[in-house]
Structures are given as C-alpha cells and as structure tokens.
Number of protein chains: 2
Amino acid sequence: MKAPAELTAKFRASGLKVTPQRQLLFRLMHENKSHPTADSLFSVASVHMPGISLRTVYQTLTDLSSMGELRLIDVGSGATRFDPNIDDHHHLVCQSCGDVRDVYVSGSGQLDVNELDGFSVDTTTILFHGLCTPCRATQEVSSTVAEPLVGISKSNTSSKNTTNPKERMS
Amino acid sequence: MKAPAELTAKFRASGLKVTPQRQLLFRLMHENKSHPTADSLFSVASVHMPGISLRTVYQTLTDLSSMGELRLIDVGSGATRFDPNIDDHHHLVCQSCGDVRDVYVSGSGQLDVNELDGFSVDTTTILFHGLCTPCRATQEVSSTVAEPLVGISKSNTSSKNTTNPKERMS
DNA sequence: TTCTTTCTTCGCAAGACCTGCAGATTAGCA
DNA sequence: TGCTAATCTGCAGGTCTTGCGAAGAAAGAA
Ligand SMILES: [Mn+2]
Ligand SMILES: [Mn+2]
Ligand SMILES: [Zn+2]
Ligand SMILES: [Zn+2]
C-alpha cells in the first residue's frame, strides 16, 4: 500500500474525496503488519477518532482493495483480514492465537500439479497453519492429555473466533 | 470418507445412533467430489427426504469431521465446504463459477520458506484460483472491454456468492 | 468567502452463515 | 414391548458484512 500522501493524490485523481476518516485509515494501515480485521481496525481508529463508524472502515478498506492497494486475506477465522503488503507473499497462521504473519515462499511457481486439464491458474494462495513461538511454549507446559482422535467432542476446542484481534493491533 | 456401511459400524461403535437422516447423508457424501456446502447438501438431501432439517445436515457434517471422515474446506466464498476426500490434497477454485476441484501437488513439502523463526508448521493449505475450462471459454467471448485498474467499481463483479452450489451437486 | 454539487459518513436494517437450545421423537437394547 | 439416551427439528441468537438513505462535508466555481 502506498504512503498516505500518495493515496491522497490517488484518491483525488480518481474523483474521490479525502476525508479525515480516510486519512486516519491510510495512516493506520500504512506498513501495518498485523493483518487486522475491519473490526479490530475500527477499534484502533475509534481511539484516534471517536465516532468513526465501522461502516466507514469497511467502506474505505473496500475502496483501497478495489484500487489494488490492499489485499484481502481469508485465513478461515471468520472475518476477512486486510493486508497493506501487496507483494507476492503468503501467510503463517497460528492455530492457537490466530496471529497472521507474512512469509515469502520461493518455488511456489514450480509446484508440480497433476491433472490441471484445462484449468488455468491465476493466483496461488498458501496458508501455513501451525504454532507461533509464544504459543508453542504455552502448549508444551499444558500438554498432558491428548485429544481423542475419534469421538464427537461437543465442546469446541478450536481457536476459531476465540482470539481477539483488537488486542493484537500495532 | 468411509463407505456408508463402515460409517454405520463406526457410529454405533462410538455410541452414536444410525438414523435415516445420517444414512442418507453418508450416501450423499460418499465419493462426492463437488465439495458441497451444508446448504447445497441440504437441498439435495431434501429431495430424497423431504422435511430433513438444515440443522441436522450441519450436525452430521460436524460429527463426520470430528471423526476425521470429512475435511472442512474454506475457499473464501462464505460457506464452509465439506470434503469426503481426506487424502493429502489441495484445491483448484474457479473464480467465475465457484467450482472446487481436487488437485494433487508434489513438492509442497519442499517449499522454501524464509524467516520461519520459531513458527512450527503443522499443515499447509494451497488454493489455486483461476478459471475452469467452461468458464474460460465464456470469458474469451465476452472479453472486449477490460476492467479499469484504478477506480472504485460499485457494481460488484466478483463471483463471491453469485454461484449457486445447489446446482452443481452430483 | 460563499455557493453548489457530488461524494461520504453514519446508523440501522437486513442478509448470509452458523450454533445454542429444548421439546418432541426415535434408535438400540433388555 | 418398554425404557432411556441420543437425535431431530424449528427457531432464536450470534457474527460478519452489505444495502440504504438522510444528514453532512470536501472540492471546485463564482
Ligand atoms: Mn501479509
Ligand atoms: Mn477436495
Ligand atoms: Zn500463537
Ligand atoms: Zn468455472
């Protein structure tokens, strides 16, 4: 994603107005490596500009991605995450805390794919699911009883939606 | 996913009952290559068993995945897709019609990943986004005017949720 | 500066997907 | 046949996201 000043120019060149809300979001997203959700970005934005609406955050993020300044990432955690890094890169997703980190992969173009027959590939998305260092440390301590492999556990142990991205913003 | 008869045994062995609803779903999912959503499976099931509830379809699919008989796939199209193929494989996703196809990738383990520093990878998910053969043919015909690279298109041209998986079931 | 036009913001309703709940029902077994 | 735990269904509720329109504000003209 371009720097705030450049985005300002780009927006005006496109006939879009540059509002205080948009400027704030430009600043909050610039070089933001946390892959925030709209809601977590809204929380942070609200501190700087009380009264800003979640609707406006969604709107601006959508606008930025329409202009190719932002990438939308779906790591399967429910909410879409927004990424100002538009380089060709992939993601590491912590299954415990939900953290998302950039990872640069070489050789993804040379993946041997069988039976493509006719399907033309445009983009490739790779997600590495695992544990980040802090979470791995925690896991080692409390790993006494293993989860049964078969049997229906009605208690949901997955980390889906248990993480609060609001507390992981830069 | 195991065959219906084996699932029947497995369910009973786990203290779970084998109801007509479950048997139907076992049959509909067995060797089903369409990666259906709960809702699309519900539509098909409703034809065979009018009155079956969407809630039961969700429940049974959840049970099956808890037992490791089904994989949950998130291709970013909103609804979770269910996959009876539990082999190590990845997916081709058509950006136009939403179709999901299996693809076997060799060499995914040897992806060069930089700066993993401490992150331990458990599973890798690869999605190839592109166009299936039928959709590519359609695209070629109607590709006269290119989409502007910059500028906010308020008309949503994305294929998200425009596809009806109900009509793609086997 | 003031006016005018067009775009934006905000708040709320609504849609899509999924899960919790509980009363009615039924599979599995003695 | 009868009992009991498991299941099914319908619906309410939760989360994430988008549609809508009245009120407000940016940008350029006068
Ligand atoms: Mn990223
Ligand atoms: Mn598959
Ligand atoms: Zn973690
Ligand atoms: Zn297609």
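To find a chain, count down the sequence lines: A is the first, B the second, and so on, and within it residues start at 1. These numbers come from a predicted model, not from an experiment.
- Atom P of nucleotide C:dC18 and atom CG of B:Leu72 are separated by 9 Å, given to the nearest angstrom.
- The aromatic rings of B:His91 and B:His35 lie perpendicular to each other, with more than 60° between the two planes, well past the 30° mark.
- In terms of phosphate contacts, A:Arg22 brings no side-chain nitrogen or oxygen within less than 4.0 Å of OP1 or OP2 of D:dA26.
- Residue contacts for B:Thr56: at a heavy-atom cut-off of 4.0 Å it reaches a base atom on one of the strands shown.
- Atom CD1 of A:Ile52 and atom C1' of D:dG24 are 15 Å apart (whole Å).
- In this structure, B:Gln59 does not reach the C:dC18 phosphate: none of its side-chain N or O atoms is under 4.0 Å from OP1 or OP2.
- In the set D:dT7, C:dG11, D:dA27, C:dG11 carries the atom at the smallest distance from any side-chain atom of A:Ser53.
- Mapping A:Leu54 and B:Val18 onto DNA chain D by nearest heavy atom places B:Val18 at the nucleotide closer to the 5' end.
- Remark on DNA chain C: of its neighbouring residues B:Tyr58 and B:Pro20, the 5'-side contact belongs to B:Tyr58, judged by nearest-heavy-atom nucleotide.
- A sub-4.0 Å separation between OP1 or OP2 of C:dT19 and a side-chain N or O of B:Arg55 is absent.
- Neither OP1 nor OP2 of D:dC16 sits under 4.0 Å from any side-chain N or O of A:Thr37.
- Rounded to whole angstrom, the span from the CD atom of B:Gln21 across to the P atom of D:dA6 amounts to 17 Å.
- Between A:Leu41 atom CG and D:dC16 atom P there is a gap of 15 Å when expressed in whole angstrom units.
- The interatomic distance linking B:Leu16 (CG) with D:dT7 (C1') rounds to 10 Å, in whole Å.
- Phosphate contact (OP1/OP2 of D:dT17, side-chain N/O of A:Thr80, threshold under 4.0 Å): present.
- Nearest to the side-chain atoms of A:Lys17 among the listed nucleotides C:dG28, C:dT6, C:dT9 stands C:dT6.
- Across the protein-nucleic acid pair, B:Asp39 atom CG and C:dG15 atom P stand 15 Å apart, rounded to whole Å.
- One interatomic measurement links the two molecules: CG of B:Asp74 to P of D:dT15, which rounds to 19 Å at whole-angstrom precision.
- The six-membered or imidazole ring of A:Phe11 lies near that of A:Phe26, with a centre-to-centre distance under 6.0 Å.
- For the pair A:Arg12 CZ and C:dT6 C1', the computed distance is 15 Å after rounding to whole Å.
- Put simply, the residue from B:Val57, B:Thr60, B:Thr56 that forms a side chain to side chain contact (heavy atoms under 4.5 Å, CB included) with B:Gln21 is B:Thr56.
- In this structure, A:Arg136 contributes its side chain and B:Gly118 its backbone to a donor-acceptor pair below 3.5 Å.
- Side-chain contact of A:Ser43 with A:Ser40: a donor-acceptor pair under 3.5 Å is absent, judged by distance alone.
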